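Naming convention: chains lettered A, B, ... in sequence-line order (proteins, then strands); numbering from 1 in each chain. Predicted model only: the values in this text are computed from it and were never measured.
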Protein chains: 2
Amino acid sequence: MTRPERALQPTSPAGSDRGSSTSVAGPGVAANLIAVLVSVTGGEPRVLTLQDARALPSGPFELTHRSLQAGMRAWVERQTHHPLGYVEQLYTFADRDRGLGPDQRVISISYLGLTREQPTMAGDEASWQSWYVYFPWEDRRLGVPPAIEEVLLPNLRAFADAVPALRRQRANRIAVSFGLEGKPWNEELVLQRYELLYEAGLIPEARRQKPELGPAPVQGRSMILDHRRILATGIARLRAKIKYHPVVFELVPDTFTLLQLQRCVEALAGRLMHKQNFRRLVTQQELVEETGEVSQDTRGRPAKLFRFRREVLTERAVVGTKLPISRS
Amino acid sequence: MTRPERALQPTSPAGSDRGSSTSVAGPGVAANLIAVLVSVTGGEPRVLTLQDARALPSGPFELTHRSLQAGMRAWVERQTHHPLGYVEQLYTFADRDRGLGPDQRVISISYLGLTREQPTMAGDEASWQSWYVYFPWEDRRLGVPPAIEEVLLPNLRAFADAVPALRRQRANRIAVSFGLEGKPWNEELVLQRYELLYEAGLIPEARRQKPELGPAPVQGRSMILDHRRILATGIARLRAKIKYHPVVFELVPDTFTLLQLQRCVEALAGRLMHKQNFRRLVTQQELVEETGEVSQDTRGRPAKLFRFRREVLTERAVVGTKLPISRS
DNA sequence: CCAACTAATGCTCAGGCGGAGTATATGCTA
DNA sequence: TAGCATATACTCCGCCTGAGCATTAGTTGG
């Protein structure tokens, strides 16, 4: 009997392939698994990191593994001693310029994994980091971070103005990505924003081969190789997913208050939500049921405890439709 | 040939892990690219096939390729002598049965590609097939195909009833997948429906190792290995994508009438749409602009010709939002 | 020229959903 | 007991969307 794996529907991230690679030698091509492991604790979305918080966990795809996904689960659970609630493939890279050499090629298959509790790690170099450590501009829960206006945008504008022929195009791209000039902020554009900063040369990853440029002006911790880019892909995917698939419940305890649930979603989305409407959304869709118990937390009126109605995963097809389809 | 292990992830509820397997340890890993190449002609969505329409085109990933995507483009364009408008990664899996030998394993990376015109192929064994040849139950433009009620559902019900303990669960899954018992038909569940038929043993792919079962009862052409499964993934992805990203325009001529555009979307979705609302949707979003010309087709009032406003790709972030996010 | 037909285009209407706000309930602590 | 903090209930309104009716602009056959 295999352990059940959750149903996943892959959606691809936009963007090109900039490969990432780690370890693994041998002639020909090697396969490497890279994990974006997410949990939410203390009101922060966290990701499992290694190497002084500068790398995502990764490991070779081994022959004992039944499948790529099984391989993912196997070594993650071996490392964390914790079951993985939800796993979804993110993207596969194999880029030459970031590889090991002309005769070497590494194929990296990245996965997003959700886990409910914070595992204790085997290795001591592992740690859970708020993902906003790497993407400070993505957290708007307390309003727009001042650094955006003070540091990020001036640098981006300079980037736009640097090439007159591309000025308008770049300025527009900046406006779309960061929600300027009346355009709405879209929390799903994590990857696009990262890419933009990369192209503008504002982050360390883009300056590795150009030490003459000095330190990168933009805040936010960097990672080895393309790991920050993979993380951006994972965040974007998760932010999109929570809107049409009940994956949040993989990140909260078995029973929870609606506010806890909301805080979790807010942590992931990096935005605050309207409390009453959030409740309406969740309850109307019958995603949860009352346990009958009440939260002991108790500042203010105690909140009812709820649990996820797992049945919804089978009773409905949890996907969206937007075309003007005729009912007749 | 042995039954191909399956690597794509089921969106099905109690999705089990049918991950692809590998048997052996060895130094080398080969990478293989598989393409779902789509075009729409003659009111039919078509897919490029090989080997007597039983295989998707595929080719090795070579060290000369800059990236996976570049590799895809390279050999597709070499084969078809036609540029690829849009390319998107579908899924990566490692399949035991594709291995070249005990010390080899193959990683398959599948891609979806859209092309505007029907290329003339180099090899004569290549042909464009309506994808409904492989999935007849997916075309509801002329109403629900009679074969669903006559062949498909009776067999599925038998499958559900076969195991009393699973009866309810299976019956429910059937209802959700095929839009029964008041549940709506969801054209995006292509993969789930295929999976269901596979698990129910109703299609040739599932019976390859069980010749005693005789011919599969369900109509629809099969393919080698799990190519039909990959095709299902591609169709599902495309059907989902057209709802929030203007990819249809990659499939129609440079100028087109709104009805042409609608027919194209309908071909992909397998459903008819409300004409006036379709126009409203397209024009309100300013996805198109008039060319000033008029269609010469001329049965009935001549239709204005339009062209896609490529600018929308940069002026807006073309993605959706469904959370009750506070504007303040 | 008119009638009939086909398809394009314009317009209206009603229901539902989502964003936002107000009001009330229920626990605590000072 | 007042005040506070949070939970929960309900209302309002605008927009989107499904659906249908009406009109326009061509062609084709008498």
Side-chain angles (χ1 to χ4, degrees), chain A residues 43 140 184-187 242-244 255-266 269 271-306 316 318-328, chain B residues 43 140 184-187 242-244 255-266 269 271-306 316 318-328:
Chain A
R140 299 195 152 208
W185 169 263
N186 186 329
E187 70 281 352
I242 50 176
K243 291 176 187 167
Y244 61 91
T255 68
F256 47 84
T257 70
L258 292 184
L259 186 59
Q260 274 180 277
L261 189 67
Q262 181 180 344
R263 293 287 176 245
C264 180
V265 175
E266 288 175 338
R271 311 183 66 170
L272 297 181
M273 299 194 301
H274 188 278
K275 195 191 222 172
Q276 296 92 319
N277 291 348
F278 181 83
R279 310 180 105 264
R280 181 173 63 185
L281 201 73
V282 172
T283 52
Q284 258 184 30
Q285 298 184 232
E286 299 181 297
L287 291 175
V288 297
E289 62 191 2
E290 299 185 11
T291 66
E293 316 246 308
V294 167
S295 166
Q296 301 301 334
D297 191 356
T298 198
R299 250 186 335 191
R301 175 174 172 178
K304 290 178 189 165
L305 284 173
F306 293 83
R316 292 204 284 273
V318 206
V319 279
T321 293
K322 272 187 181 175
L323 284 177
I325 286 172
S326 192
R327 279 176 188 161
S328 54
Chain B
R140 299 197 151 208
W185 169 264
N186 186 328
E187 70 281 351
I242 50 175
K243 291 176 187 168
Y244 61 92
T255 68
F256 48 83
T257 69
L258 292 183
L259 186 59
Q260 275 179 279
L261 188 67
Q262 181 180 345
R263 294 288 176 243
C264 180
V265 175
E266 288 174 338
R271 312 184 67 170
L272 297 181
M273 300 193 301
H274 188 277
K275 196 191 221 172
Q276 296 93 318
N277 292 347
F278 181 82
R279 307 179 110 263
R280 181 175 60 187
L281 201 72
V282 171
T283 52
Q284 260 184 22
Q285 299 185 232
E286 300 180 297
L287 292 174
V288 297
E289 61 192 2
E290 300 186 11
T291 66
E293 315 247 310
V294 167
S295 165
Q296 302 301 333
D297 190 356
T298 198
R299 250 186 335 189
R301 174 173 172 177
K304 290 178 189 164
L305 285 174
F306 292 84
R316 293 204 284 275
V318 207
V319 280
T321 293
K322 272 188 180 175
L323 284 177
I325 286 170
S326 192
R327 278 179 188 158
S328 54

Report task. Please state how far atom CD in A/E290 lies from atom P in D/dA9, giving the value in whole angstrom units. Result -> 8 Å
Query - Side chain A/H274 and base C/dG18 donor-acceptor under 3.5 Å - result: no
**Report entry** Residue-phosphate contact under 4.0 Å: B/R299 side-chain N/O, C/dA7 OP1/OP2
**Finding:** yes
Query raised in the report: C/dT9 P sits how many Å from B/L259 CG, rounded?
Result: 10 Å
Query raised in the report: In whole angstroms, how far is the P atom of D/dT27 from the CD atom of B/Q296?
Result: 10 Å
Query raised in the report: Expressed in angstrom and rounded to an integer, what is the separation of B/L272 atom CG from D/dA19 atom C1'?
Result: 15 Å
**Report entry** side chain to side chain contact (heavy atoms under 4.5 Å, CB included) assessment of B/E187 paired with B/K243
**Finding:** CA-CA 12 Å; B/E187 70 281 351; B/K243 291 176 187 168; 2.3 Å; yes
Report summary line: Taking for B/Q276 and for B/R280 the nucleotide of DNA chain D with the nearest heavy atom, the one nearer the 5' end belongs to B/R280
Query raised in the report: Is the shortest side-chain N/O distance from A/K275 to OP1 or OP2 of D/dT6 below 4.0 Å?
Result: no
Requested in this report: Let me know the distance between CZ of B/F278 and P of D/dC16, rounded to the nearest Å.
Outcome: 18 Å
Report task. Quickly work out the B/M273 CE to D/dA19 C1' distance and round it to whole Å. Result -> 15 Å
Query - Interatomic distance, B/Q262 atom CD to B/K275 atom NZ [nearest 0.5 angstrom] - result: 7.0 Å
Query - Steps toward side chain to side chain contact (heavy atoms under 4.5 Å, CB included) verdict (A/E266, A/R263) - result: CA-CA 5 Å; A/E266 288 175 338; A/R263 293 287 176 245; 2.7 Å; yes
Query raised in the report: Counting any heavy atom closer than 4.0 Å, what does A/Q284 reach on the DNA or RNA strands: base, sugar-phosphate only, or nothing?
Result: nothing
Query raised in the report: Roughly how many Å is it from CZ in A/R279 to P in C/dT24, rounded to a whole number?
Result: 18 Å
Report task. Scan A/K304 against the nucleic acid and name what it touches under 4.0 Å (heavy atoms): base, sugar-phosphate only, or nothing. Result -> sugar-phosphate
Report task. Give, for atom CZ of A/F306 and atom OG1 of A/T255, the distance between the pair rounded to the nearest 0.5 Å. Result -> 11.0 Å
Query raised in the report: From D/dG20, D/dA9, D/dG18, pick the nucleotide closest to the side chain of B/N277?
Result: D/dG18
Query raised in the report: Once you round it to whole Å, what is the distance between C1' of D/dG18 and CD of B/Q262?
Result: 14 Å
Query raised in the report: Among D/dG26, C/dT9, D/dA5, which is the nearest nucleotide to the side chain of A/R301?
Result: D/dA5
Query raised in the report: Checking side chain to side chain contact (heavy atoms under 4.5 Å, CB included) for the pair B/F278/B/V265: CA distance, chi angles, key distance, verdict?
Result: CA-CA 10 Å; B/F278 181 82; B/V265 175; 4.1 Å; yes
Report task. Would you indicate what A/L258 reaches in the nucleic acid, counting non-hydrogen atoms under 4.0 angstrom: base, sugar-phosphate, or nothing? Result -> nothing
